[in-house]
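In what follows, a single structure is set out as structure tokens and then discussed.
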Amino acid sequence: MGFIRGKVVKTVKNAPLNDPIEYAIMGYEVSLRRREAAFVEIVSLQEASDIVGVSGELQEVVEEFAKHWKGRDKNINVALVGNPNAGKTTFFNYVSGSSERVGNYGGVTVEAKEAHFRFGGYRFNVVDLPGTYSLSAYSNEERFVREYIMNNAPDVIINIVDASNLERNLYLSTQLIDMDIKGIIALNMYDELERSGAQFDYRKLGQMIGMPILPTVAAKGKGVKELLQEVIEVYEGRSEYVRHVHIHYGHDVEEGIVAIRAGLEKEKDLVAGISPRFLALKLLERDAEALRLIARGREHERLNQTCREQTARIEALYGEPVEAVVTDAKYGFISGALKETYLEPMVDKHRTTRYIDSLLTHKLLGIPLFLLFLFVTFYSTFAIGKYPMAWIEAGVSALGNQIDTHMAGGMLKDLLIGGIIDGVGGVIVFLPNILILFLFISFMEDTGYMARAAFIMDKLMHKIGLHGKSFIPLIMGFGCNVPAIMATRMLENRNDRLLTILINPFMSCSARLPVYTLFVGAFFPTYSAVILFGIYLSGIVAAVVMGKLFKKILFYKEEAPFVMELPPYRLPTARTTLRHMWHKGKQYLKKMGGIIMIASILIWALGYFPVPEERQAAYVQQREEIARQEQLDKESREELLAESHRQERFERQATSYIGRIGKSLEPIWAPLGLDWRAGVSILTGVAAKEVVVSTMSLLYIGEEIETEKESNDRLSQRLKSFYSPSVAILFMLFILLYSPCFAAIIAVSKEVGWKWGLFVMGYTTALAWGACYLLKTIQGWFV
Ligand code: GDP
Ligand code: MG
């Protein structure tokens with residue numbers, strides 16, 4: 001209704017039933033129902049004077065109070081738009097204090113992230129949109145961003161531009177100009193522009209294109225305040241730069257625009273809020289979305305006819321699609337604008353990058369170096385990780401012991417120690433390993449090496465019918481398959497996406513790592529890194545083989561040509577990299593807090609019930625008898641007692657629900673040489689891979705807590721008494737290959753449909769079984 005804060009409200013009169021009430025406000029007398037009036041926020045005179053710290057005359061307080069609220073709490077909706085890798089997410093994180101993933105390659109941001117903060121007396125709602133090079137509706141990102149801008153009409157768009165790559169980045173800006181939005185350009189990576197020695201009169205360019213341009217260094221937060229201040233100016237219509245500019249597309253195109261705009265006049269209600277010039281241009285380009293928009297119009301046949309005629313006319317004149325003509329004109333506009341404002345640096349600005357690239361993407365050295373980096377990553381994960389791991393283990397078992405000694409026996413105690421502490425503790429223990437792995441992955445992303453890895457792998461990826469771009473989701477799979485599966489959205493072609501998703505589970509996710517560390521540590525302590533590396537490599541081999549197979553059977557069509565981005569190398573600040581590492585680690589912990597806790601308790605319960613009271617009594621009796629046997633010395637008596645306890649525990653496990661389920665599936669595990677305990681652990685791993693180790697510790701070492709030893713050590717010892725090294729290898733292979741966790745299955749289903757989700761679950765498990773059976777057979781030849 002146009003009411004604003006800081007005005008005096010007076011009650012004029014009440015209706016007989018106290019509803020509605022008539023108020024006098026801002027010179028109006030309005031009658032509001034109580035329900036509506038509830039939206040009007042009121043403070044008393046006393047409260048008002050407390051807020052502004054002025055006491056005295058009514059008039060005085062009211063004036064102060066009005067001043068206090070002037071401009072306060074206005075909402076500004078801001079959207080961040082820009083090329084991949086221009087620093088949108090860095091900017092977003094800086095202003096919102098959040099820690100979204102940032103990566104030095106395209107396609108990490110696949111959804112819009114939103115945050116709110118206050119600045120300069122305004123409430124900012126910022127949205128971080130996916131990176132795009134243009135707003136033509138070819139890729140998912142482009143469509144998404146364009147629709148977002150059209151449907152949500154943000155108050156101000158911040159176009160984040162990579163200053164070290166102006167020409168290409170400004171292309172998107174020209175499309176924003178066409179759309180006639182209220183915008184502002186953040187000239188990000190200004191530090192790099194300065195370092196390169198280039199001179200850029202951005203103020204002048206801002207005046208030329210009718211949008212304020214301000215330098216920022218998002219990674220360090222420089223210039224961000226000034227930029228936000230200017231956003232306010234733009235929002236309030238006070239900015240001296242803002243002006244609507246037409247990019248001139250040449251006489252022929254302009255003529256087409258005029259003709260179509262005349263037709264659009266009659267469809268006003270359809271195109272409300274969209275710049276008619278922009279829409280006309282898109283119609284000339286035969287843009288699918290634009291055509292769909294006008295298809296609902298009343299006279300759409302006539303309009304369509306006009307569009308077709310105009311497009312045909314222009315294309316006949318130029319001998320190429322309208323889009324190409326327009327693109328040329330845009331680049332002409334940009335280079336013209338830059339010629340007047342931008343002075344090339346004397347030195348080669350990308351010299352360092354080129355120098356490093358000549359080594360890292362070398363024909364012969366590239367792949368070995370890449371493998372070396374991977375090896376170092378995994379080696380460090382294991383070798384450095386074992387120290388903090390030992391501390392955490394000690395802490396967890398100390399906690400268990402504390403509870404054991406201070407708490408009265410019973411089911412709750414059993415649940416606490418056996419289900420919760422052992423289960424969750426078994427997972428926390430691996431947090432250091434996972435953080436180290438994430439640290440390396442984040443570093444590779446932030447420096448730009450990840451993009452090179454995609455580049456190096458391109459040829460190899462082509463061999464399995466994918467391209468280098470698919471490599472990024474695949475390598476992200478080493479962290480967690482869920483974001484990796486979501487990251488496949490950056491692939492334009494559906495078949496490429498599907499194929500990448502199908503083989504992604506073989507990229508052994510970090511949640512499987514605890515299983516490997518446990519087995520490798522127990523069975524192959526001397527060759528830990530080599531074996532670990534081998535496992536990951538086997539996953540890659542499986543992916544390649546299956547990829548090739550799927551390509552042959554399911555999708556044999558040609559893949560789309562694509563551009564591969566190679567951003568300049570950047571040394572990320574420790575803060576950014578650590579932040580990214582932590583962000584990923586946090587996701588791991590979140591998963592643990594929820595699913596794993598529930599799964600752990602469920603599994604504990606399945607192992608705890610049914611309580612065999614008769615058998616318990618029998619064991620108690622047996623122990624009483626042992627205690628009575630006078631002829632035994634103290635030592636052997638204690639040994640017998642301990643043996644009785646152990647016997648009881650194992651018998652109990654075998655008769656528990658979980659034991660029965662695992663045993664009934666014995667025919668599946670037996671041919672692989674695995675027992676029911678291993679089988680049960682594999683089953684529970686479908687809930688979440690982290691649960692495998694905690695299940696094992698429940699099933700193999702029971703709920704006993706020994707003071708002098710750490711739980712993992714005990715588990716290792718116990719496993720060694722059960723298995724041979726060859727079975728250990730086989731088990732790890734099964735864990736590597738079989739069905740990914742529920743979260744990943746759900747991610748697949750969301751991306752490409754339930755059928756594919758179930759397919760992934762089934763085929764990976766079948767493959768795991770088959771591969772293990774084969775391995776077992778081969779092992780048999782050598783024994
Ligand atoms: P987005 O794809 O647009 O979201 O870009 P990101 O926010 O992921 O940033 C890409 C990379 O550029 C990251 O490695 C950032 O750390 C880095 N970066 C961001 N802003 C700046 C900046 O102003 N200067 C420099 N030197 N690097 C930056
Ligand atoms: Mg981003």
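Ligands are counted one by one from 1 in listed order, and the atoms in each one are counted from 1 as well.
- With a heavy-atom cut-off of 4.0 Å, P84 touches ligand 1 through its backbone alone.
- On a distance-only criterion, Y190 and ligand 1 share no N/O pair closer than 3.5 Å.
- Of all atoms in ligand 1, listed by their number and element, those nearer than 4.0 Å to a heavy atom of N83 are 3 (O).
- Using a 4.0 Å cut-off between charged side-chain N and carboxylate O, R146 and D287 make a salt bridge.
- Counting only N and O atoms by type, the side chains of K330 and Y249 include a donor and acceptor under 3.5 Å apart.
- The atoms of ligand 1 that sit less than 4.0 Å from any heavy atom of V217 are 22 (C), 23 (O), 24 (N).
- Atom numbering of ligand 1 starts at 1 in the shown order; those under 4.0 Å from a heavy atom of K88 are 1 (P), 2 (O), 3 (O), 4 (O), 5 (O), 7 (O).
- Distances from ligand 1 to the non-hydrogen atoms of G82 include no value under 4.0 Å.
- Contacts with ligand 1 closer than 4.0 Å are made by side-chain heavy atoms of D191 only, the backbone lying farther away.
- If you check each of L571, T90, T216, L187 against atom 15 (C) of ligand 1, the one with the closest non-hydrogen atom is T90.
- For D191 and K222, the salt-bridge test fails: no basic side-chain N is under 4.0 Å from an acidic carboxylate O.
- Near A218, with a cut-off below 4.0 Å to any heavy atom, the atoms of ligand 1 are 20 (N), 22 (C), 23 (O).
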>> Evaluate N125 against N77 for side-chain hydrogen bond (donor to acceptor under 3.5 Å, both in side chains), listing each step before the verdict.
In response: CA-CA 5 Å; N125 305 320; N77 296 314; 2.7 Å; yes
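- Near T89, meaning under 4.0 Å from any of its heavy atoms, are these atoms of ligand 1: 1 (P), 4 (O), 7 (O).
- Checking T327 against Y171 by side-chain atom types alone, a donor-acceptor pair falls below 3.5 Å.
- Here's the thing with R195: none of its N/O atoms is less than 3.5 angstrom from an N/O atom of ligand 1.
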> Is there a side chain to side chain contact (heavy atoms under 4.5 Å, CB included) between L172 and N159 once you walk through the steps?
Replying inline: CA-CA 8 Å; L172 181 63; N159 178 201; 4.2 Å; yes
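- Using a 4.0 Å cut-off between heavy atoms, E192 contacts ligand 1 through its side chain alone, with no backbone atom that close.
- There is no side-chain donor-acceptor pair under 3.5 Å between S136 and E285.
- At a threshold of 4.0 Å, the pair E751-R497 counts as salt-bridged, since one of the basic side-chain nitrogens sits closer than that to a carboxylate oxygen.
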